[in-house]
Structure formats: structure tokens, C-alpha cells
Amino acid sequence: MEALSVPLISLQNFSTLNNNLPFRNHQILSAIDKCSSSKQLKEVHARMLRTGLFFDPFSASKLFTASALSSFSTLDYARNVFDQIPQANLYTWNILIRAYASSSDPFQSFVIFLDLLDKCEDLPNNFTFPFVIKAASELKASRVGTAVHGMAIKLSFGMDLYILNSLVRFYGACGDLSMAERLFKGISCKDVVSWNSMISAFAQGNCPEDALELFLKMERENVMPNSVTMVCVLSACAKKLDLEFGRWVCSYIERKGIKMDLTLRNAMLDMYTKCGSVDDAQKLFDEMPERDVFSWTIMLDGYAKMGDYDAARGVFNAMPVKEIAAWNVLISAYEQNGKPKEALAIFNELQLSKIAKPDEVTLVSTLSACAQLGAIDLGGWIHVYIKREGIDLNCHLISSLVDMYAKCGALEKALEVFYSVEERDVYVWSAMIAGLGMHGRGKAAIDLFFEMQEAKVKPNSVTFTNVLCACSHTGLVDEGRVFFHEMEPVYGVVPETKHYACMVDILGRAGFLEEAMELINEMSITPSASVWGALLGACSLHMNVELGELASDQLLKLEPRNHGAIVLLSNIYAKTGRWEKVSELRKLMRDTELKKEPGCSSIEVNGNVHEFLVGDNLHPLSSNIYSKLDDIATKLKPVGYEPNKSHLLQLIEEDDLKEQALSLHSEKLAIAFGLVSLAPSQPIRVVKNLRICGDCHEFAKLVSRVYDRDILLRDRYRFHHFRDGHCSCMDYW
DNA sequence: GCACCCATGC
């Protein structure tokens, strides 16, 4: 800013200097073109102020253009230069609008545009509109953009090719594809940009088929595509997951000799990885003459999404620049593939490395990993971090926080976050409804659903899944029936298989097995494995052999390796005393090497997540845990605790073995560890990967009473809040 | 009295 402290030279001086101007003029003005740093630019600026050349409008606008558009300059500085120009002309105004339109704050383009209308002696021209419309596209500001469109027509620019092209992009960006297409069709002499804009609008607007069709039409009309066209076409292939066509496009590019630049190569990489051919991508990547952060991120994402974490890690380690996006790819890949611990490990590494700063995407993925693990300490820390860093609490983050707190058993905290914000979108409402539902507060969940209607937020498919789940957890059969039957006619949400699965669960659990079966028979879509799974679960609960066999048959047809189906069916046989069937199934499981998913419980203590498997003694404090279990057994006997053997799968013969196995269920280990290591005032929060068994449920109830401790246990389906010998699920689960 | 524009990838 030192340039600005140079005293302004009066206009009088300027006229005396003017004699020498032709020479100086040329020298200084060519110095502007040679600038390659903001320091140099400021020096020229100072010289122009000293010599008075700055007061020549053309020279000033040349300096201003360099300050507004060159990569080394900042917009704030350009704004300063602009404000010093005594009489800005339309050209200068246009440059300022243009600079803001492609900046991080395109809204400023609107502000400047209004200023222009107010202060500039000329009306906006054919150059002004493309910039303002570009800003509207960036912001998806459909009303402002439409108004600007109208204004352009009034000023008789309605047929300007540049303006029409930018309008095609604008309407496309706003999701109004039919308007974009109408304008496109009305362009009398379309150039390649017109085609590109329309193809891009289709590709970005979830209509990749239309994008490819338009490209073929362009080809038929002998319009030569350029590299931008091909980027859009490849993007459409990636969206359509059409590897075959994608490969054809790559060979087409070569055949037609279309210039291959970095962007186009990245688009090819992206198409290959999205369409599932990381090998093709790797081959291309290896041959690339230059790579940027996108090339690296695409490869990283490709490997991470297909679950090849070693390869992904290899790419990550080799990356020259590790932007936050790269960290996010790794974290979200782990989180979305059921590896929350690994996700948190990466987050930890990110924190320690201090190379990049977590952004909203990082926090959303990390919160979701915390939710999966029940890691409330870290989740709460992230909440504090968000507040401390002043990160904007948008709906996405709010729903993640609500979900995290609810899944970590802190329903009150979830409600607190929920009610602390003003703006709630459908996902925030849905997350809260789900939270109430999983904690057995079905009535409250339903109340919230109606509160959501009053807030004029339209429920979607997710909302209905959560409402129906809430009904199922609390046994609200009549309410469930009403929601299910109203969702399409009243709310316009078409039931999907997941809704049918919920409804079958609601009916089945409550014993309406025939009605559940009728519902399945009436389905217009093919029942999924989860639908049959819900029916099978209900049959196991109500010991219905006939329907249970049918359900497990159907389930195994869809998922031949689903051990859960066999386990449930064997439970039905065991409970009804059909031992020969039980041993048949046992043999089947042995022969097909189907392994039961091992039960695993985790508990967070001081920010560390500890995991326990059935009967494991790997924990460093193992001996303390086992003596605590002995202590519990002694204290529970007098209050009537008897290990209930029928809850065990009939896969262990010896009775004493059964009892031993029961006492060693992972949730018992976790609860014992909680008693050993947490302060008496702290609730014991346990997350279990499978459904809790009846024996452990009874065990937890009694521990909560005898030790006067709150135990919050989340199993695969819901929460059990044990307090004073009772459970929040009211034994309905 | 000059000149500036539209379309591309995570």
C-alpha cells in the first residue's frame, strides 16, 4: 500500500509534465505489461501517480485492468485503484464487474452493476451483461439473473451471441433446463460455445443422456468440437457410468486431433475412475506430461472409493500438495465404508500435521465417523472447534451434529443443537426425528413430524423412513399404518423398498405377520433383502416356522451369503424344538464357511475408543475387567439374575460352555470396563455392532440398578437407555 | 481514440 501514501500530484503539475508524455507514456505503459508481481505493479502505480500519468483515463484503465485481472494481484487492491480513477468509463466498470464475477464473492458484481447504473454516464453494453450474468450463474441467483436478462432485452441486446451463450449457462445453472434449451434453440448462428454451454447444462443438470445426444447432434451438424466440448462430454459419460462410450470419446479425441490439455486429461481420468476402470486411469496418469492437484485427487478418490486403501494411501503419500480435499477423500472413504476408526485416525493425522485446515466437508465426515463409533468426546470436541473457529453452522453441519449426539446417546444435546438454530432444512428435521425414534421416543418423533409441517418444510423419502422407524421402535402400529398409507397421496412421496421394510417390521413385530405378508405381496416393486429380513426377524420373534422358512428362502435367494438369515431361521427351529433342522443348518454354515459376524462392542473413555470382542482378553486392563465381572455376578445373583440360555444361538452344545459364552458377550465386557474406568457420575455409553441379546439386556438393567449407573447402549437398530433397572425400550425391541 | 466478454475438471 506504500504507493497510496505518495502525495497526489496536482493537475497543474500534470499539464507541465504533459510535454514529455509521449515518451514516458510508452515506457510506463509497457512496464505494466511486464509486471509479474504485485510489488512491481505497485511501483508502476506509484510512478504513474508521481508523473500524473494516472490521470490519463486510458493509462489509468490499463493499470486498473492489470490490477483486476492478473493472478498476482488482489481484488482489494484493484478496488483501491478503481476508486482513485477520477472518471471511470464503462470499460473500467466492466472490468471490475468481470473481476468480481469470477472471484469468491460474485455478489459484488451485482453491487457494482447497480453502482454503474447509478454513476456511470453510459448505459451497460454488450460487454457488461455477460459478466453480470456470469455472476448470476455462479450464485444460481435466478431472480436477479432473469431481471438482468429482461434488461438486456430492453437495451436491445437480446440477440447478442455472447449474452445468449451466458444465459444458456445461467438458466442451466439455475436448473431451468427447458429455458436454457429454448434460448439455445433460438440462437440463429450458434458457435461452439453455444453448443458447449448447452451440453454442459445437460451434463450438470443430471441429464447426461441429453448431453451425449446433443453432442452427437453437434457432430452430425458438422460443428467442430473443441477441448471444452470434450470435457463436458466426458463429464456426462462419468455421470452415466458409461465406460464404453467414454472409451469411444477418448479415441474420438485422438482421431480428431483435439488439443489435449491438462483439464481434458483430468476429465478423462475422472471418467475412467467414476466408470470403474482405475487401471485405465492409472495408465493415463502415468503418461501425463504434467499433473495438478485435480489429477492427484481424482486418482486418490478412485482408489479410495473402490476400497483399495493401500493404493489410495500410496497416492496420498506421493501427492506433492496435500490440500484439504485430499484429506477429505480419505476420511470420507473410510467413513462411508464402515471404517470409522480409520477415518478418525486420518483426522488425527490431519490435526497433527497442520498441513491443511479442516473444512466443512472434513467435519461432516468426521462427525459421521464419531456417530458410527459412539465417540462423543471427539464429536463434542468438534462441536467446540466449530464454535471456536467461527465456522458457519449450516444445515449440513447441524444435521451431522444432531445425528452425532443422538447416535452417541446424548439425545438432550441433540435437541439443544436442533432448537438452537433458526434455519432447518428437511435433513435437519429428519435427523432429529430419527434421533427421537432410535431413543424410543416415538410419540415425540411424530409430534416433531407435525411441527415440521407447521414450519412449512416438505418431508421427503428420508423423513418417512425415519418416522416409520420411530413407529417401529415404539410399537406404534396404527400410526405407522396411517403414515405409510398417506405418504404418497398426501405428501407425494412414493414408497420405496426401505419404507416397505419399515412397515413390514412394524406389523411383524406387533404380531401382524399375515398383514405383513399381504403387504409384501401387494408391492409393485421387487421386495429387497431388507423386506424379507424384517419379515424373518418378526417370524423369529413370534416363532412362525412356515413364514420364516419362506422369508429366509427369499432372503437367501437375494443374498446367498447372508449368515443372518440362517441364524434367525435356526433360532426359530431351536425355539420350536426342531433340533434336526438346527443341525442341518449348522452343517450348511460349516460347509459354506459362513461365519457369524463377530459381536463387537466399543466404549469411549477419555477420547479413546476401546473395542471388545466376544470373550476377548486382549485389553491391557483385562484382569481388572474380569474381576469386575465376578463382582457383578456376585451382586446380581441376590437380585435374581440367572443367565438365560435360550437367548444363545443353539450352536454350542455344553451347558457350561453356554453360560461361559453368555457371560463373555462383548457388551458385558464393555460395561464392566466402563464401571472400572469411568467416574461414577459418568454414564456408560456402549455401541454394539449386532442386536443386543435378551440376557445382556437383563444384565444391563440390573447393573444400572445395583450400581446406580446410567447405561446407554446402542445396538445395530436402536438405543437402550438403562436406568434404575428399567430400559427406555420398554422391552420392545 | 484505444480495449474487456460466453463454455471446462474435484
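These numbers come from a predicted model, not from an experiment. In the text below, chain A, chain B and the rest are named by the order of the sequence lines, each starting its count at 1.
Heavy atoms of A:Asp292 sit under 4.0 angstrom from at least one base atom. At a threshold of 4.0 angstrom between heavy atoms, the contacts of A:Asn226 include nucleobase atoms, whether or not backbone atoms are also involved. Within the 4.0 angstrom heavy-atom criterion, only backbone atoms of the sugar-phosphate kind lie near A:Asp270; the bases stay farther away. Here A:Asn89 lies in heavy-atom contact (under 4.0 Å) with a base. A:Lys62 comes within 4.0 angstrom of nothing in the nucleic acid, heavy atoms only. The residue A:Ser227 sits apart from the nucleic acid: no heavy atom pair falls under 4.0 Å.
Taking all atoms of both residues into account, the shortest heavy-atom contact from A:Arg291 to A:Asp286 is NH2-O, 3.5 Å. A:Thr146 and A:Phe170 make their closest contact through N-CZ, 3.7 Å (heavy atoms, listed as atom of the first residue, atom of the second, distance).
Side chain to side chain, A:Tyr303 and A:Gln282 meet the donor-acceptor criterion of an N or O pair below 3.5 Å. A donor and an acceptor atom, one from each side chain of A:Asn165 and A:Ser197, are nowhere located under 3.5 Å apart.
The distance from atom CG of A:Asp210 to atom CD of A:Glu181, rounded to the nearest 0.5 Å, is 7.0 Å.
The aromatic rings of A:Trp248 and A:Tyr252 sit tilted, their planes meeting at an angle between 30° and 60°.
In the region residues 185-221 of chain A, proximity to DNA chain B at under 4.0 angstrom, judged on heavy atoms, holds for A:Val193, A:Asn196, A:Ser197, A:Ser200, A:Gln204.
Centroid-to-centroid, the aromatic rings of A:Trp93 and A:Phe82 come within less than 6.0 Å.
For DNA chain B, the span of nucleotides reached by chain A at under 4.0 Å from its heavy atoms goes, 5' to 3', from B:dC2 to B:dC10.
When side chains are defined from C-beta on, A:Glu335 counts as touching A:Ser368, because their heavy atoms get closer than 4.5 Å.
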